[in-house]
Protein chains: 2
Amino acid sequence: MAQAIRLHQVSPLKASCHQCSLSNLCLPLAIEENDLDRLEDIVQQGKIYNRGEHIFDQSTPVRSCFAVKSGSIKTSIITEGGEEQVTGFFMPGELVGLDSMSSENYACTAKALERTSVCEFPVDRLEELTGKLPELQHHMYHLMSQEIQNSHQLAMLLSKNTAEERIAALLLSLSSRFRRRRMSATNFSLPMARNDIANFLGLAVETVSRVFTRFQNQGIIRARGREVELLDVEALQMVTRDFARQGQ
Amino acid sequence: MAQAIRLHQVSPLKASCHQCSLSNLCLPLAIEENDLDRLEDIVQQGKIYNRGEHIFDQSTPVRSCFAVKSGSIKTSIITEGGEEQVTGFFMPGELVGLDSMSSENYACTAKALERTSVCEFPVDRLEELTGKLPELQHHMYHLMSQEIQNSHQLAMLLSKNTAEERIAALLLSLSSRFRRRRMSATNFSLPMARNDIANFLGLAVETVSRVFTRFQNQGIIRARGREVELLDVEALQMVTRDFARQGQ
DNA sequence: CAGTCACCTTGATTTAAATCAAGTATAGCA
DNA sequence: TGCTATACTTGATTTAAATCAAGGTGACTG
């Protein structure tokens, strides 16, 4: 019994990556069964944030990166002038903070869009571990590359595409991400406000609203507030003329 | 003499990171003197590309990432439809291909903007080495984070800033990068065409041209073709209302 | 249960930059 | 040395989306 207590004290928040249903999307993906313990040793699990709470902001010294366990997170850069640029939305299994590895302070601000729980990976310990587990290191490089690619895709969307194309692309991206999480790909609830969508896509809120109603009138989607149903995915794919994103 | 020949045969292209003037910008930055040999072992140096030649494109299987040794490179994503989005310009000491680590094919196309020489780092050997040299691994994470941050900054520029602000920001970015390379920060020759600038910044060529002449009329810059002189850096900084980029 | 606030929608007007349309330099090449 | 192509500039017109302005909707709160 003394031991049970001790165990509880030593690792009250130790994660169970073994049982996590997201392990096939998250860091454990790359790891052998028997190395998983070593990852679990460094993870702190289960911290919960309410809607609107900050996980970190640009004045926070970097300590960890975070995997979304449930809920969702938006990241944004906030300038001196108080202007915001939303840089990403993160769903369960996705890693937040890769842009801040080995920076002094976080390069962005992360905010829970709803009640959200996260797993925390201290970057120094993560670096140590990736030095020992080549598979894990490889996976980190992969995730970071991916993040760069995503951001380039966003830049492309912003500089070359119309409001309709941008919104269609976002809806499709969300759709496929829901699908990978074994949730409906055609029937979901947007975790973010129209405002965040607008900001992310470099549009005015009014424009986002108008495009939503236009899509609705064309029978492509059905939207009531944040509840969205994709009625005609093919049509959406036609709208995004950039077919590279189609299978994303 | 036999030995001299042998040496020559074994490593005809082996880099001398030891003597490279760019080592303080490039990968060797992070490494102990005595570990530098191990980096040199995996580097292939001195491949030269002429203006307009491809280093790789989106159909090339990923083998290496590349450090610019002299000259400059532009990277872009080219879509099925043949549309191009320039994603970056790379100067000596900068690493190209970080968006493609652990992808099947390169995520972008890299093209020499002028006669350019590069050092080549095979990614598999680089990964091996970063597994052994924690400092080097840390530096890789740093560079990749940086790349994500840059791309987010670009997204921000594209979605929030006017044509003038974007161009001012680009000129300032180039300026500080020239300075870090101990070249004039106020008097340089643009490695890229107006077209590339336009594409990168999500503008039409005509707009770029007009902004250049406007800046010139305001006495902020002097531009003749690709030759640019920054006459009033402060004014340029005022134009980019995003003061975060100021000290970049 | 009314009141407030945040979020979303819709319409009218304005605007920055794209597009269209000529030119004019510049550089590479025969 | 001139020729052609490419790069760049300038002006006139159009346009997609921003801004301005006003309501509507829904959710939480005292």
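Throughout, a chain's letter reflects where its sequence line sits, starting with A, and its residues are numbered from 1.
Using a cut-off of 4.0 Å between Lys/Arg side-chain N and Asp/Glu carboxylate O, A:Glu84 and B:Lys160 are scored as not salt-bridged. The residues B:Arg115 and B:Glu53 are annotated as not salt-bridged, no charged nitrogen and carboxylate oxygen being separated by less than 4.0 angstrom. Looking at B:Glu227 and B:Arg222, no side-chain N of the basic residue comes within less than 4.0 Å of a carboxylate O on the acidic one, giving no salt bridge. Note on A:Arg214 versus A:Glu164: salt bridge recorded, some NZ/NE/NH1/NH2 to OD/OE distance being below 4.0 Å. Under the 4.0 Å criterion applied to side-chain N and carboxylate O atoms, A:Lys69 and A:Glu120 are not assigned as salt-bridge partners.
Rounded to whole Å, the distance from CG on A:Leu157 to P on D:dA17 is 12 Å. As a whole-Å value, the separation of A:Phe212 CZ from C:dC7 P is 15 Å. Separating the CD atom of A:Glu164 from the P atom of D:dA16 is a distance of 10 Å, rounded to the nearest angstrom. The separation between B:Arg51 atom CZ and D:dA7 atom P is 7 Å, rounded to whole Å. Spacing between atom CD1 of B:Ile221 and atom P of D:dC8 amounts to 13 Å, rounded to whole angstrom units. Taking atom CG of residue A:Leu158 and atom C1' of nucleotide D:dA16, one finds them 16 Å apart after rounding to whole Å. One can place CG of B:Leu190 at 14 Å from P of C:dA27, the figure rounded to the nearest angstrom. Here the P atom of nucleotide C:dC7 and the CD1 atom of A:Ile197 are 13 Å apart, to the nearest Å.
Contact annotation: A:Arg194 side-chain N/O to C:dT9 OP1/OP2 distance is under 4.0 Å. When the side-chain nitrogen and oxygen atoms of A:Thr213 are compared with OP1 and OP2 of C:dT10, one or more of them lie within a distance under 4.0 Å.
Looking at the side chain of A:Thr207, the nearest of the listed nucleotides C:dT9, D:dA17, D:dT10 is D:dA17. Side chain of A:Arg210, nearest nucleotide from D:dA17, C:dA17, C:dA12: C:dA12. For A:Leu203, counting side-chain heavy atoms from C-beta on, the closest listed nucleotide (C:dA18, C:dT10, D:dA17) is D:dA17. Distances were taken from every side-chain heavy atom of B:Glu206 (C-beta onward) to each of C:dC20, D:dC8, D:dA17; the shortest belongs to C:dC20.
Of the residues near DNA chain C, A:Ser209 and B:Gly202, the one whose nearest nucleotide (by heavy atom distance) lies more toward the 5' end is A:Ser209. If you find the closest nucleotide of DNA chain D to A:Arg224 and to A:Ala204, the one lying nearer the 5' end belongs to A:Ala204.
Within 4.0 Å (heavy atoms only), A:Gly52 reaches no atom of the nucleic acid at all. Contacts of A:Arg226 with the nucleic acid, taken as non-hydrogen atoms under 4.0 Å apart, involve only primed sugar atoms and P, OP1 or OP2.
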